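Below, all heavy atoms of this structure are taken into account, side chains as well, without hydrogens, waters or symmetry copies. None of these values were measured; they are calculated from a predicted model.
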Amino acid sequence: MDFNKLNDKQKEAVLSVDGPLLILAGPGSGKTRVLTYKISYLIENGYAKPSEILAITFTNKAAKEMKDRVYNLINESDIQISTFHSFGLRILKENYKLLNMDRNFTILDESDSISVIEKILKEMNLDTKQYNPKNIKYKISSCKSELITCEEYSKYSKSGIEEIVQKVYKKYREKLLKTNCLDFDDLLMMPIMLFKSNKEVLEHYQDKYKYVFIDEYQDTNEAQYIMSKMISEKYKNICVVGDECQNIYSWRGANYKNILNFEKDYKNSKVILLEQNYRSTKRILNVANSVIHNNKDRKDKTLFTDNEFGEKVKYITAYDEKDEAVRIANEVSNLKNNVKLSEMVVLYRTNAQSQILERTFVEKQIPYKIIGSYAYYNRKEVKDLVAYLKLINNLKDDTSLLRIINVPKRGIGNKTVEDIINKAREKDTSIFESIEDKKLMEFKEMILDIKKESESKTLTQLIDYIFLKTHIKDEYMSDKVENGDSKIENLEEFKSITKNFERESGNASLEDFLLETSLISDINENNNDEDRVSLMTIHSVKGLEFEVVFVSGLEEGLFPHINSLNEKEGLEEERRLFYVAITRAKKLIYLFNTKMRMIFGGTNISSPSRFISEIDVDDIESNNCEMKSFNKKNMFIDENIDYKIGDHIEHDVFGKGIVVSVQDEEISIAFSSKYGIKTLMKRHKSIRKSK
């Protein structure tokens, strides 16, 4: 290892061996280098064997990068570097008997889980329009992330909907156990429950992993936080890396306060700040620092760099969303002679903004790609094929069976399906075991035949055999099927995936392949080297970097989003989202907004985002003639207005209220019982004193 490649703070972090360590790493500060050097240092200097190190990160892509870097440093690969879900899966595979499970369990994806819940609601004679299966799945997922069992949830069930959720949660759990299935949340919850109920198993893993590393610690939810604490409890050699200013996932359970409270959890912890940025220009860091310093709930750190000072941020106000898209496309065209298209990204707050950008890029003949998770695997034809593979692997998997029992169409009607479901319920067996009907027996014999063939064929050969026996491609060959050719190409493309798996893993196990594909969390359907502009939401861009970043839709109500405007925590998360967008850029940032915008079917007059006013005027240049006088008055009422406890106010949405506390730039207001007490920004235009 060449320690000359590390700055002083990075070197200090690498050489800090024992005890709890918090590394607060700003964007572009080389945190992955620090982690890989630190792991390599422990092994090379005899502090730990490779098998005694556990490193957890949040995406398969990040885990693979970390593995490759460690291997390049010390030629060592026997280290558990994975995502939380992959680690949880490993624990379950090693202890499945203690959990009364069969080894070949199936992992349900989100849509399969929702499908199970939909069937449960129908069994309970509940209207799926009144009780949305997706919403109920979200509530169950939230419970599991908080480690709340269906029995414990009954304590919180006070309203009618909560009682329904509790009953569905219980039946959902029973159905998954009966069909030898798990969902993604089980991969975290079940290992923790196992640790709590079986001290010997917990001690085994505590002894096994003497050094624990957690990357992106600000993104951990309750289950991930507890798992980290339990595994590291014996040796307390836990090193967490993260940046609370980049927490943008509270909507999926992430709690950035885990990183803020690290020093309380571990009394003898050491804290090291990585503030030197290697990615961006000084100008870009000035902008990032000036924006994020408006957040109160954060650690005190300031990014700096030895890079060039760089160009000012370009702020462009367009007439409407079409004009905005055209202006972005024109800037891309102007830059493409000096900057690769693949080094440019267009970011937006909501997916609804992408369609006008796509249409304009097509018109302007600018190659682009939409980046998004699960895009390929979420296509119906691909999910159908995967369902066949899941059923062949686990004949108890009712969800997969029900998905493809009539795909392609075999003349099996809903009544026949309902009858076999009821028969399976009466016999307390899987649906597959209960099949006796002549029409269904053809399907059963076909699956058994494919399963037998799977024992002697490679994965890729198995896919071809499934195509042959099921005729799954045939239904897309008709001219009447929209995009039929594309769907057939998607099915054929699946063989590229199996071939890559066989080549990279060295095996052709169907079980291992399904587990691998189930854990994919950041698939990019356009994962190629073509020179294309990337289009994505800001939530999707975290962890990436580009020469040029375009941020569109910087308007009040869009970014920051309208749902965040009335509460401090929501607004601070939106600001962190903007901070993430800014810090993706190496050389140049463009900020766009419009005077009016059509979105969700309606046209609105736009106000500039408050975040633009938080940028130092010396770091930004604009096509807007009003920019020189642009300041907080664009969004906020008279700067001199003040509030005191007892003042009567009016709010555009919440109506009349009374001020109950005043602090810095915030006031807490008691509204009617319908809304309760809200903490709002003091100067926002939505509130005013009552006359």
Side-chain angles (χ1 to χ4, degrees), residues 1 3 5-17 19-42 55-59 61-63 65-66 69-70 73 81 83-84 211-220 224-225 228 237-249 254-263 265-266 269-280 282 284-285 288-289 291-293 295 297-307 541-545 576-577 579-586:
M1 288 184 295
F3 279 90
K5 292 183 177 180
L6 304 177
N7 63 38
D8 291 343
K9 285 295 181 181
Q10 290 174 330
K11 194 179 299 182
E12 181 185 358
V14 169
L15 298 177
S16 298
V17 172
L21 174 64
L22 168 61
I23 302 174
L24 288 170
S29 62
K31 70 180 178 67
T32 304
R33 172 176 288 181
V34 169
L35 277 175
T36 52
Y37 266 65
K38 192 168 175 60
I39 291 169
S40 304
Y41 179 79
L42 290 173
I56 301 285
T57 188
F58 270 79
T59 66
K61 180 182 175 184
E65 181 186 358
M66 202 179 294
R69 289 208 198 181
V70 171
L73 283 171
I81 302 177
T83 63
F84 272 105
Y211 287 88
V212 177
F213 295 83
I214 310 294
D215 192 16
E216 304 287 5
Y217 194 64
Q218 77 281 348
D219 291 336
T220 51
Q224 292 159 341
Y225 167 74
S228 305
N237 291 325
I238 179 170
C239 171
V240 305
V241 183
D243 179 9
E244 81 288 351
C245 293
Q246 294 186 71
N247 173 263
I248 56 175
Y249 299 125
N255 184 0
Y256 70 97
K257 292 190 177 176
N258 289 342
I259 198 167
L260 295 177
N261 293 333
F262 185 83
E263 294 162 87
D265 290 340
Y266 301 93
S269 60
K270 184 175 184 178
V271 181
I272 296 175
L273 272 62
L274 301 184
E275 298 171 292
Q276 184 169 357
N277 176 284
Y278 294 92
R279 175 188 299 157
S280 306
K282 288 184 173 70
I284 288 170
L285 295 191
N289 288 328
V291 168
I292 202 62
H293 283 169
N295 270 10
D297 216 356
R298 54 182 288 274
K299 293 279 188 178
D300 188 22
K301 62 181 181 299
T302 300
L303 298 178
F304 68 93
T305 186
D306 291 336
N307 293 340
V541 79
K542 191 173 172 195
L544 304 179
E545 60 182 28
R576 293 196 293 269
L577 199 57
Y579 177 77
V580 166
I582 293 167
T583 54
R584 299 311 94 196
K586 299 178 186 177

Regarding [X] and [Y], is there a side-chain donor-to-acceptor distance under 3.5 Å anywhere?
X: Gln10; Y: Glu12; answer: no
X: Asn261; Y: Tyr225; answer: no
X: Asn295; Y: Tyr579; answer: no
X: Gln246; Y: Asp219; answer: no

Taking [X] for the side chain and [Y] for the main chain, is one N or O donor matched with an acceptor at less than 3.5 Å?
X: Lys282; Y: Phe304; value: no
X: Gln218; Y: Asp243; value: yes
X: Arg576; Y: Asn247; value: yes
X: Ser269; Y: Pro20; value: no
X: Asn289; Y: Leu303; value: yes
X: Arg279; Y: Thr583; value: yes

Minimum side-chain heavy-atom gap [X]-[Y] below 4.5 Å:
X: Leu21; Y: Lys38; answer: yes
X: Leu73; Y: Ile39; answer: no
X: Val34; Y: Val241; answer: no
X: Glu216; Y: Tyr249; answer: no
X: Asp297; Y: Glu244; answer: no
X: Asp306; Y: Gln276; answer: yes
X: Cys239; Y: Ile23; answer: yes
X: Pro27; Y: Arg584; answer: yes

Pairwise distance [atom1]([X]) to [atom2]([Y]) - rounded to 0.5 angstrom:
X: Asp215; Y: Thr59; atom1: CG; atom2: OG1; result: 8.5 Å
X: His293; Y: Lys301; atom1: NE2; atom2: NZ; result: 8.5 Å
X: Thr220; Y: Asn258; atom1: OG1; atom2: CG; result: 4.0 Å
X: Leu22; Y: Tyr217; atom1: CG; atom2: OH; result: 9.0 Å
X: Leu24; Y: Leu260; atom1: CG; atom2: CG; result: 8.5 Å
X: Met66; Y: Lys31; atom1: CE; atom2: NZ; result: 6.5 Å

What are the two closest heavy atoms between [X] and [Y], and how far apart are they?
X: Ser228; Y: Ile214; value: OG-CD1, 3.6 Å
X: Tyr37; Y: Lys5; value: OH-CD, 3.7 Å
X: Asn307; Y: Ser280; value: ND2-O, 2.8 Å
X: Lys11; Y: Phe3; value: CE-O, 3.7 Å
X: Arg298; Y: Cys245; value: NE-SG, 3.8 Å
X: Leu285; Y: Asn277; value: CD1-CB, 3.5 Å

query = Does the distance from a Lys or Arg side-chain N to an Asp or Glu carboxylate O, for Glu65 and Arg69, drop under 4.0 Å?
reply =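 Yes, charged N to carboxylate O under 4.0 Å.
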
* Are Glu275 and Lys9 ion-paired here, with the side-chain N under 4.0 Å from a carboxylate O? ->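 Not counted as a salt bridge, because no side-chain N and carboxylate O are separated by less than 4.0 Å.
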
